[in-house]
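So you know, we letter chains A, B, ... as the sequences are listed, proteins then strands, and number each from 1.
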2 protein chains.
Amino acid sequence: MDPHLLRTFVAVVRTGSFSSAARELGYTQAAVSQQIASLENDLKVTLLRRRPVATTEAGARLLEHAGPILLRIQAARSELVRLGSAARSRLRVGASPLAAVHIAGPLAEARRSHPRLDVAVQVLPRAGIAAAVATGELDIGLVDGAAAPSDPLRLDDAVPITAVAVDERPLVVPLPVSHPLAARPGLDLDGLVDALWLDAPDAAVPLPSLRHVTGARDGFRPSFACEGGDPALLIDLVSAGHGLAALPAGLAAGHPGLVEVPVRAPRIVHRTELLHPRTIGPASASFVAAVAR
Amino acid sequence: MDPHLLRTFVAVVRTGSFSSAARELGYTQAAVSQQIASLENDLKVTLLRRRPVATTEAGARLLEHAGPILLRIQAARSELVRLGSAARSRLRVGASPLAAVHIAGPLAEARRSHPRLDVAVQVLPRAGIAAAVATGELDIGLVDGAAAPSDPLRLDDAVPITAVAVDERPLVVPLPVSHPLAARPGLDLDGLVDALWLDAPDAAVPLPSLRHVTGARDGFRPSFACEGGDPALLIDLVSAGHGLAALPAGLAAGHPGLVEVPVRAPRIVHRTELLHPRTIGPASASFVAAVAR
DNA sequence: ACTGTTTACGGAGACCGTAAGTATC
DNA sequence: GATACTTACGGTCTCCGTAAACAGT
């Protein structure tokens with residue numbers, strides 16, 4: 001259960017071969033083989049079937065544990081070394097596409113109080129942001145999602161992190177004016193389970209979240225995948241009738257031919273949260289303070 | 001960041017001395033000294049002030065990480081070795097005092113389908129149950145707490161575990177019939193922030209949870225601490241007017257001189273959940289199945 | 001002076017690389 | 001027979017214990 005061994009285990013599974021994992025980590029194939037053997041020997045279980053490399057049942061379970069364990073260790077290390085070294089005047093901010101609109105204001109505040117601040121901003125898929133903040137790759141993360149009113153977002157990663165509410169507004173489904181439901185004052189998501197949805201996990205509320213909040217196991221069928229994180233493109237696709245999407249209120253407001261119909265049931269909202277590590281530097285602090293106001 | 005080093009670090013902090021930690025772990029004092037030095041050297045921070053032993057700021061942070069990291073590692077190891085060895089026909093069930101009433105029924109079912117089952121039941125403080133289930137010390141855990149209706153309990157420990165709803169019923173405050181509020185149909189907890197409460201973290205809903213659900217930072221002053229996990233004693237104390245307590249409906253129902261007044265606001269209920277590891281044996285499975293019905 | 005931590009040193013073991021062996025495609 | 005993993009073996013490095021030095025109480 002040495003983290004070192006866990007790291008090579010996940011590398012082997014990811015790359016699908018001992019040799020490529022060895023290359024990636026700077027070991028010889030033999031060393032990797034010994035490390036895996038040592039793990040299996042320690043736990044008295046076969047973790048991998050060889051040739052081709054595939055996880056056994058036990059290996060799959062270990063894989064589920066290994067990621068969070070390594071993440072937590074790295075988060076601890078990063079927090080501790082940050083405490084040791086002097087605070088650099090650098091602020092790296094990452095945001096999911098729908099959360100990015102909340103960057104500009106607080107950033108201005110941070111740059112005002114720290115004029116020689118070296119700022120880096122990037123828009124990222126939701127998935128990795130919490131982990132990146134925990135490991136110190138980002139100083140500030142902004143993520144969005146659907147949640148019950150005034151409930152915190154459910155961040156899957158089991159990492160120690162602080163979340164601050166940034167914004168909460170109605171969740172809407174933009175509909176073409178010609179759509180039969182466009183005249184309704186509000187929508188029931190349960191009634192849209194069998195509609196066709198655009199599968200845009202970054203540019204809109206992801207379909208699995210919709211299934212989760214409605215309690216539906218299936219449904220919310222994707223018409224097609226839409227990978228980029230550009231809400232404007234998504235709204236164009238919605239406008240052209242390629243499928244539905246759930247968005248925060250306001251994005252499609254000015255768009256001709258579209259009406260934003262708020263989601264009434266279940267009672268959920270679109271929420272944006274700011275994520276930061278437990279210990280933060282002065283630049284991050286002024287960013288956070290600006291958000292809190 | 002070797003788990004081995006983390007383990008001795010927490011032992012040193014807990015025991016308050018290098019020598020006693022060494023005795024506990026089966027090392028020499030010198031070895032412990034070297035391990036701490038190695039950690040500090042690796043992270044480039046001083047973790048401890050010596051003589052007397054006390055954590056620095058960095059040490060305190062490391063301590064917050066070390067527990068969850070070690071717990072997760074142990075959880076992974078325990079799950080994996082369980083997969084390797086044959087399933088023993090033993091069922092260890094742990095429950096918090098207020099959750100214990102739900103043990104008997106499912107246990108009968110489990111013993112019926114597994115006649116030669118070796119059963120061990122124990123009532124424990126809420127705090128350690130999730131961790132004990134994760135590390136395999138318990139096969140089944142039953143915990144209770146206050147939550148919004150049909151919301152899962154917030155288990156603080158960041159461990160991989162499966163929770164199943166067992167029971168959800170109104171939260172009540174048992175009041176002496178002579179109490180001015182006893183005639184009310186329902187109570188608002190916010191109005192009871194300044195009352196005197198019995199501090200019985202195991203036998204009733206703990207005061208910090210009440211503060212959390214009401215959003216009050218202070219308040220819910222404890223009249224005195226009541227350590228045991230015996231609801232009957234607690235009800236006697238409430239009956240004698242020593243302070244208030246929040247309990248699941250039904251416990252004080254037959255008690256002369258007490259009326260159970262349900263909590264109306266905030267909208268919270270008393271909830272009981274069953275916890276079990278991801279992978280379970282047949283005996284646990286029949287216990288869980290009996291609960292689900 | 002005594003208790004408790006650090007430093008010095010030596011031996012056992014862990015771990016990786018080289019190289020030969022073995023199994024699968 | 002080629003590719004990919006395993007086993008064998010040797011060198012190096014880590015890590016712990018013994019023992020001596022050192023620092024507070």
With rounding to the nearest 0.5 Å, note down the distance linking CZ in B/Arg278 to CD1 in B/Ile161.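 It comes to 9.5 Å.
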How many angstroms lie between atom CZ of A/Phe9 and atom CD1 of A/Ile36, to the nearest 0.5 angstrom?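 Going from CZ on A/Phe9 over to CD1 on A/Ile36, the span is 6.5 Å.
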Take atom [atom1] of [X] and atom [atom2] of [N], then tell me their distance rounded to the nearest Å.
{"X": "A/Gln35", "N": "C/dA14", "atom1": "CD", "atom2": "P", "value": "15 Å"}
{"X": "A/Gln34", "N": "C/dT18", "atom1": "CD", "atom2": "P", "value": "12 Å"}
{"X": "A/Arg49", "N": "C/dA23", "atom1": "CZ", "atom2": "P", "value": "18 Å"}
{"X": "B/Ile36", "N": "C/dG4", "atom1": "CD1", "atom2": "C1'", "value": "15 Å"}
{"X": "B/Arg23", "N": "C/dT3", "atom1": "CZ", "atom2": "P", "value": "12 Å"}
{"X": "A/Leu25", "N": "C/dG17", "atom1": "CG", "atom2": "P", "value": "11 Å"}
{"X": "A/Arg50", "N": "C/dG21", "atom1": "CZ", "atom2": "P", "value": "21 Å"}
{"X": "A/Gln29", "N": "C/dT24", "atom1": "CD", "atom2": "P", "value": "19 Å"}

Which part of the nucleic acid does [X] contact within heavy-atom distance under 4.0 Å: base, sugar-phosphate only, or nothing?
{"X": "B/Gly26", "value": "sugar-phosphate"}
{"X": "B/Ser33", "value": "base"}
{"X": "A/Val32", "value": "nothing"}
{"X": "B/Ser19", "value": "sugar-phosphate"}

Backbone of A/Arg72 reached by a side-chain donor or acceptor of A/Arg77 within 3.5 Å: no
Just by distance, do the side chain of B/Thr15 and the backbone of B/Ser20 share a donor-acceptor pair under 3.5 Å? no
Under-4.0 Å salt bridge between [X] and [Y]:
{"X": "B/Arg126", "Y": "B/Asp144", "value": "yes"}
{"X": "A/Asp218", "Y": "A/Arg211", "value": "no"}
{"X": "B/Arg50", "Y": "B/Glu40", "value": "yes"}

Assign each of A/Ala30 and A/Ser38 to its nearest nucleotide of DNA chain C by heavy atoms, then name whichever residue's nucleotide is nearer the 5' end. A/Ser38
Please list, in 5' to 3' order, the outermost nucleotides of DNA chain D lying under 4.0 Å from any heavy atom of chain B.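 So the contact region on DNA chain D extends D/dC16 to D/dT25.
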